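Input: a single structure, listed below in structure tokens.
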Amino acid sequence: MGATEMVVFTSDDNKSFKKIGSQTYPETTDIALKSIESYEIKFEPVKARYIKVVLKPSRGMPKGHRGEGRTPYLLIDEITVE
């Protein structure tokens with residue numbers, strides 16, 4: 001449950017985006033786990049006006065979960081750019 005991949009893109013015109021980094025994460029299958037997860041990605045510094053962050057959710061809720069087989073929601077609270 002949660003994200004399995006993060007991909008970051010940048011752009012100067014908000015139309016043409018260039019992929020600057022990606023990171024995969026292990027899929028969690030523990031249905032009892034209730035936590036806030038943090039995802040981090042590192043890449044070479046770039047200058048850009050716009051940033052697009054794409055998080056890909058796990059394939060489905062694990063067996064035994066009341067939402068078994070359904071795609072989980074990803075709720076984003078904060079994105080920090082350094």
Side-chain angles (χ1 to χ4, degrees):
M1 303 181 296
T4 58
E5 183 179 15
M6 180 189 312
V7 185
V8 178
F9 302 86
T10 60
S11 172
D12 289 324
D13 62 6
N14 203 22
K15 293 178 184 171
S16 175
F17 283 84
K18 177 182 175 186
K19 179 179 171 182
I20 60 167
S22 65
Q23 177 71 43
T24 58
Y25 307 99
E27 197 163 342
T28 305
T29 57
D30 183 359
I31 63 170
L33 183 65
K34 293 184 179 183
S35 67
I36 296 174
E37 297 181 40
S38 294
Y39 300 99
E40 186 173 317
I41 184 169
K42 294 182 186 259
F43 45 83
E44 292 297 317
V46 296
K47 287 191 176 202
R49 184 168 182 190
Y50 300 95
I51 299 171
K52 182 188 297 187
V53 178
V54 177
L55 285 170
K56 296 182 181 180
S58 61
R59 295 182 303 258
M61 299 301 276
K63 186 173 182 155
H65 190 278
R66 69 179 192 187
E68 181 178 330
R70 295 186 182 143
T71 303
Y73 291 106
L74 292 176
L75 305 173
I76 309 302
D77 184 65
E78 293 181 20
I79 296 177
T80 303
V81 179
E82 296 177 355

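Just so you know, residue 1 is the first one in the sequence shown, and it goes up from there. No experiment lies behind these values; they were computed from the predicted model shown.
By the side-chain contact (heavy atoms from CB on, under 4.5 Å) test, Glu68 pairs with Lys63, sequence neighbours left out. With sequence neighbours excluded, the residues satisfying side-chain contact (heavy atoms from CB on, under 4.5 Å) with Lys52 are Phe9, Phe17, Val54. Partners of Ser22 under the side-chain contact (heavy atoms from CB on, under 4.5 Å) rule, at least two apart in sequence or in another chain, are Glu5, Val7, Lys19.
Between Ser11 and Ala48, the closest heavy-atom pair is O-CB, 3.9 Å. Nearest heavy atom pair, residue Lys47 against residue Asp12, reads O-OD1, 4.1 Å. Heavy-atom minimum distance, Gln23 versus Glu40: CG-O, 3.9 Å.
Under a hydrophobic-cluster definition in which Ile, Leu, Val, Met, Phe, Trp and Tyr are linked whenever side-chain heavy atoms come within less than 4.5 Å, directly or via other members, Val8 and Val46 are assigned to the same cluster. The same ILVMFWY cluster, assembled from side-chain heavy atoms under 4.5 Å apart, contains both Tyr25 and Phe43.
Although no hydrogens or angles enter the test, the distance criterion places no donor-acceptor pair under 3.5 Å between the side chain of Tyr39 and the main chain of Thr24.
Between the CD1 atom in Ile20 and the CD1 atom in Ile41 there is a gap of 7.5 Å [rounded to 0.5 Å].
The side-chain heavy atoms of Asn14 and Arg49, taken from C-beta on, include no pair separated by under 4.5 Å.
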